[in-house]
Amino acid sequence: MKKLLALVSLCILAAAFGGCDEEKPAASNNPAPPAATEPAKMAPPVESVPAAPILPATPATPAAPAKPVDPKAMVVKVNGTVITEGQVIEEVNKRVAAMKLQRPGSPDPTEEQKQMLRTNIVDMLVDQELIKQTLAEKKITVTDEQITQEITKIATQQNQKLEDVEKEIAKYGMTMDDLKGQIAMKLQMDALAKAEGALKDVTEEDAKKFYDENPQHFNQSEQVKASHILCGKRGITEAEYAAELEKIKAAQARLKAGEAFEDVAKDVSTCPSSAKGGDLGFFGKGQMDPAFEKAAFELEVGKTTDIVKTSFGYHIIKVTDKKAAEVTPFADVKEQITQHLSQQQQRTFWPEYQKKLKDAATIEYSEAEQAARKKTEDAQKLMQQQMMQRIQQQMAQQQAQQAA
């Protein structure tokens with residue numbers, strides 16, 4: 001489904017992964033999933049609301065009553081085609097609603113955040129209108145059958161049915177009509193790029209060349225699959241270790257008495273993996289606490305360690321599987337490489353092409369929109385200045401500490 005969602009937005013893409021990494025000490029390039037984490041959650045295919053600028057404190061003043069907005073009022077005119085307030089508001093509301101679906105209970109965006117989001121959306125609608133006009137000029141169209149085939153193809157590759165796709169995108173506030181519209185635009189944009197000579201078919205030879213020249217992407221390091229029972233927590237203090245040692249000894253006694261490892265882990269372990277009987281999945285070297293890693297990699301499959309002390313507390317580790325270091329075969333990654341090289345062509349082509357379209361277009365903003373954009377631009381400059389000030393202050397503090 002990730003591939004499907006990656007195609008859902010043409011002008012604005014975001015992918016964020018969440019979860020808690022209880023054991024992982026630092027970021028790793030190892031393709032194995034992080035240990036002791038909740039499953040990664042993918043953000044919806046819409047842009048994030050920009051962070052609100054930090055503004056100087058000002059005396060509180062009564063809020064001015066909101067002026068009624070005319071949905072038919074012009075925001076911007078693109079080569080004679082008007083984009084209205086109604087169109088902009090609809091897009092803003094869609095993205096705010098999607099953000100609320102993604103993060104239930106999150107606070108509503110501030111007015112500054114909404115204005116920054118609005119500016120981004122106006123820019124997006126201008127770009128989309130320029131593309132639409134170009135597609136119409138070049139008579140590039142797609143059929144409903146082509147759209148359905150593309151969605152079906154992507155869903156099939158992810159072992160999904162069309163009804164599953166509909167349920168999945170509903171989580172992000174989208175309908176099948178929304179998805180079809182964006183897939184249609186993607187197919188048209190691909191055709192336009194090809195017509196401009198910028199998007200060439202990636203051959204198997206191209207993909208194999210990339211595979212041979214970038215072995216670091218396809219070398220799979222040795223991996224271990226393990227479960228564990230943790231008595232402790234992130235940031236445990238030295239004074240707290242004694243109490244956790246008693247707890248892990250009690251858990252060890254239950255294991256020796258014949259209780260199943262998974263049952264004890266669910267009952268005792270303080271790691272989020274306890275919900276899965278302590279299962280951490282596969283992990284490579286460099287992902288875990290050094291003491292935990294050493295014990296796990298040295299242990300035979302099916303064996304259980306004695307009590308292991310780490311910076312998180314005390315563990316009992318059970319190794320359930322191992323994978324030797326290997327190189328991923330070309331056949332297994334050929335499609336991914338082909339997609340990567342195609343996307344690389346697009347990333348090079350579209351910014352330059354969109355700039356070319358804008359330079360040749362007549363784009364007229366309303367007076368109200370010009371004022372709003374100026375306000376947003378000033379707020380962003382202020383935010384950047386304050387960020388630079390904080391960085392300079394931190395550097396000065398670090399230098400002072402080093403000098404001391």
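Cation-pi check for Lys323 over Phe282 is met; the charged atom lies under 6.0 angstrom from the ring centroid and within 45 degrees of its normal. At least one cation-pi condition fails for Lys247 and Tyr314: the charged atom is not both under 6.0 angstrom from the six-membered ring centre and inside a 45 degree cone around its axis.
The closest side-chain heavy-atom distance from Val327 to Gln220 is not below 4.5 Å. Side chains of Asp279 and Lys225 form a contact here, defined as non-hydrogen atoms less than 4.5 Å apart.
For the residue pair Gln385/Gln389, the side-chain donor-acceptor check at 3.5 Å is not satisfied. Side-chain contact, Gln339 with Glu335: a donor N or O sits under 3.5 Å from an acceptor N or O. Counted by atom type alone, Asp321 and Gln223 present zero donor-acceptor pairs between their side chains at under 3.5 Å.
Salt-bridge annotation for Glu352 and Lys356: absent, with no side-chain N of the basic residue lying under 4.0 Å from a carboxylate O of the acidic one.
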Val264 vs Gln252, side-chain contact (heavy atoms from CB on, under 4.5 Å): CA-CA, chis, key distance, verdict:
CA-CA 9 Å; Val264 178; Gln252 187 180 49; over 6 Å; no

Run the numbers on His228 and Ser269 for side chain to side chain donor-acceptor pair (under 3.5 Å), then give the verdict.
CA-CA 8 Å; His228 79 143; Ser269 182; 4.8 Å; no

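Atom NZ of Lys358 has more than 12 heavy atoms from other residues, nucleotides or ligands within 6.0 Å.
The aromatic rings of Phe283 and Phe297 lie perpendicular to each other, with more than 60° between the two planes, well past the 30° mark.
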